[in-house]
Number of protein chains: 2
Amino acid sequence: MEDGTSKALGYCTGTYDDQVIQWDTRADCDVRRILDRIADKWSLLVIALLDRQTMRFSELRRAIDGVSQRMLTVTLRHLERDGLISRTVYPVVPPRVDYALTPLGISLHQVIKSLVTWTEDHQGEIARAHDEYDRRAEQEEHQQAVLGASV
Amino acid sequence: MEDGTSKALGYCTGTYDDQVIQWDTRADCDVRRILDRIADKWSLLVIALLDRQTMRFSELRRAIDGVSQRMLTVTLRHLERDGLISRTVYPVVPPRVDYALTPLGISLHQVIKSLVTWTEDHQGEIARAHDEYDRRAEQEEHQQAVLGASV
DNA sequence: CAGTATCCCTTTTGATACTG
DNA sequence: CAGTATCAAAAGGGATACTG
């Protein structure tokens with residue numbers, strides 16, 4: 001993930017025979033990184049919690065139930081490296097480190113919200129799709145059993 | 001990932017002491033699922049390729065360089081279960097299976113595009129953040145070495 | 001063609017212990 | 001307090017072989 005564009009370069013180069021594909025080709029290049037970032041287990045929560053407020057490491061840790069110290073550190077480092085959050089160390093004893101969204105982070109947060117809104121608006125549809133799919137799958141499994149018995 | 005809301009239920013319940021947090025609390029519930037879906041290694045490419053066109057299994061496989069047969073199947077099943085794509089089997093020999101975006105899938109695709117646009121607009125900033133971070137990290141490493149030598 | 005079933009390896013994540 | 005280091009567990013993903 002750090003070595004950039006490993007294999008799969010094929011679809012990073014612009015056009016197909018019959019149509020111009022504007023952005024899916026970049027999916028593996030830049031989009032993939034920030035997508036991997038916001039989609040990983042804890043980043044989204046961190047970004048959401050830092051909306052309009054600064055938080056200390058321990059505050060984040062308490063707020064995000066279930067995160068390990070290690071993963072919170074890793075997550076924060078990644079977000080910082082991407083320029084989405086800032087990390088401020090106060091040279092006091094005991095140490096104090098504050099995290100906050102950067103302007104870039106705030107801007108991303110706005111975009112993410114539209115995705116969250118979409119999900120909220122469509123969670124019912126998705127749930128229904130799951131039910132239907134599972135119901136069909138179970139039915140087909142049943143068919144199999146019947147056919148198997150007749151042989 | 002199939003067992004729904006495992007542990008970490010703490011932040012799925014609405015409000016904090018000092019402020020109402022509207023949506024980050026749901027991040028682990030519904031948003032997480034569709035985020036995990038669109039962020040996994042191949043889903044985004046599939047959704048992008050199916051924009052405005054139907055494709056067969058083998059066409060998708062050829063179009064997505066590097067995907068294994070297994071992972072393409074798994075990806076398509078997940079997307080189908082979420083109601084984002086439809087799967088049409090033609091009872092012919094040899095078999096033919098067509099995949100297409102559902103209205104729900106099309107609607108999600110629209111939203112994803114805004115995320116992609118954001119990424120394209122800000123990839124320069126992110127790259128600069130990386131450089132700066134790495135430069136600082138290297139510098140601090142150097143500091144360490146100097147301090148170590150003096151002891 | 002369009003899958004399914006297995007095996008195996010790599011990456012990610014979590015638990016635990018230790019430190020400036 | 002805010003980490004780092006180490007190790008073990010688990011998930012993700014690929015190669016291969018087989019099937020309706």
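Atom set for the values below is all heavy atoms of this structure, side chains included, hydrogens, waters and symmetry mates excluded. First the proteins, then the strands, lettered A, B, ... as listed; each starts at 1.
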S.K.: For DNA chain D, what is the dot-bracket line, given that a base pair needs Watson-Crick (N1 to N3, plus N6-O4 or O6-N4) or G-U wobble (N1-O2 and O6-N3) geometry with both distances under 3.5 Å, and | means paired with another strand?
M.R.: ||||||||||||||||||||
S.K.: What is the separation between atom CG on B:D65 and atom P on D:dG14, rounded to the nearest whole Å?
M.R.: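 Those two atoms, CG and P, are 12 Å apart.
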S.K.: A:D121: what forms a side chain to side chain donor-acceptor pair (under 3.5 Å) with it, not counting sequence neighbours?
M.R.: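 Once residues adjacent in sequence are excluded, A:D121 has no partner under the side chain to side chain donor-acceptor pair (under 3.5 Å) criterion.
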S.K.: Is there a continuous path of hydrophobic side-chain contacts, each under 4.5 Å between heavy atoms, that joins A:I106 to A:L76?
M.R.: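 Yes, same cluster.
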S.K.: Which heavy atom of A:I47 sits nearest a heavy atom of A:I112, and at what distance?
M.R.: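 Nearest pair, atom of A:I47 first, then A:I112: CD1-CD1, 4.3 Å.
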S.K.: Hey, quick one: are A:Y133 and B:L79 part of the same hydrophobic cluster, counting side-chain heavy atoms closer than 4.5 Å, chains of contacts allowed?
M.R.: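 No, because A:Y133 and B:L79 fall into different hydrophobic clusters, even though each may have its own neighbours under 4.5 Å.
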S.K.: Are OP1 or OP2 of C:dC1 and a side-chain N or O of B:Y99 less than 4.0 angstrom apart?
M.R.: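 No, B:Y99 has no side-chain N/O under 4.0 Å of OP1/OP2 on C:dC1.
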S.K.: Quick one: does any side-chain atom of B:S107 pair with a main-chain N or O of B:P103 as donor and acceptor, under 3.5 Å?
M.R.: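 Not confirmed, B:S107 side chain does not pair with B:P103 backbone.
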S.K.: Do any of residues 82-94 of chain A sit with a heavy atom less than 4.0 Å from DNA chain D, and if so which?
M.R.: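 The stretch gives A:R87, A:P94 as the residues lying under 4.0 Å from the strand, ordered by number.
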S.K.: For A:R135, does its backbone N or O pair with a side-chain atom of A:E138 as donor and acceptor, under 3.5 Å?
M.R.: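 Answer holds: no.
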S.K.: So, for B:L50 and B:L60, which heavy atoms are closest and what is the spacing to 0.1 Å?
M.R.: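 Residues B:L50 and B:L60, closest heavy atoms: CD2-CD2, 4.2 Å.
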S.K.: Using atom CD of A:E140 as one end and atom P of C:dT4 as the other, report the distance to the nearest whole Å.
M.R.: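 It works out to 11 Å between those atoms.
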S.K.: Which one, D:dG13, D:dA2, C:dG3, comes nearest to the side chain of A:F57?
M.R.: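 For the A:F57 side chain, the nearest candidate turns out to be D:dA2.
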S.K.: Got a sec, which pairs hit side chain to side chain donor-acceptor pair (under 3.5 Å) with one end in residues 87-98 of chain B, sequence neighbours left out?
M.R.: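 Passing the test, one end in residues 87-98 of chain B: B:R87-B:Y99, B:R96-B:D98.
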S.K.: What is the distance, to the nearest angstrom, from the NZ atom on B:K41 to the P atom on D:dG13?
M.R.: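 Between P of D:dG13 and NZ of B:K41: 6 Å.
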S.K.: Ignoring hydrogens and geometry, is there a side-chain-to-backbone donor-acceptor pair from A:E140 to A:A137 under 3.5 Å?
M.R.: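 No; zero donor-acceptor contacts below 3.5 Å.
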S.K.: Restricting to salt bridge (charged side-chain N to carboxylate O under 4.0 Å, His left out), what partner residues turn up for B:D131, sequence neighbours left out?
M.R.: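 Here no residue qualifies.
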S.K.: Show each protein N/O and nucleotides 15-20 of chain D N/O combination with a separation under 3.5 Å, one pair to a line.
M.R.:
none

S.K.: Just how far, in rounded Å, is P of D:dA2 from CE of A:M71?
M.R.: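 Rounded to whole Å, this separation is 19 Å.
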S.K.: D:dG3 P sits how many Å from A:E59 CD, rounded?
M.R.: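 About 13 Å, once rounded to whole Å.
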S.K.: Verify, without hydrogens or angle tests, whether A:R32 (side chain) and B:A39 (backbone) share a donor-acceptor contact under 3.5 angstrom.
M.R.: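 Yes; at least one donor-acceptor contact below 3.5 Å.
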S.K.: Over how many whole Å does the gap from B:H78 atom NE2 to D:dG13 atom P extend?
M.R.: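 Answer to the nearest Å: 10 Å.
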S.K.: Report the distance from atom CG of B:L104 to atom CD1 of B:I85, rounding to the nearest 0.5 Å.
M.R.: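 That separation rounds to 11.5 Å.
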S.K.: Would you please confirm or rule out a distance under 4.0 Å between OP1 or OP2 of C:dT12 and any side-chain N or O of A:W42?
M.R.: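 It does not, given that no N or O in the side chain of A:W42 lies less than 4.0 Å from OP1 or OP2 of C:dT12.
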S.K.: If you find the nucleotide of DNA chain D closest to B:D40 and the one closest to A:L76, which residue's nucleotide is nearer the 5' end?
M.R.: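 Nearest-nucleotide comparison on DNA chain D picks A:L76.
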S.K.: Starting from P on D:dA2, measure out to CG on A:L72 and report it in whole angstrom.
M.R.: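 Checked: the CG to P distance equals 10 Å.
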S.K.: In whole angstrom, what separates B:R77's CZ from C:dA2's P?
M.R.: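 Taking CZ of B:R77 and P of C:dA2, I get 12 Å after rounding.
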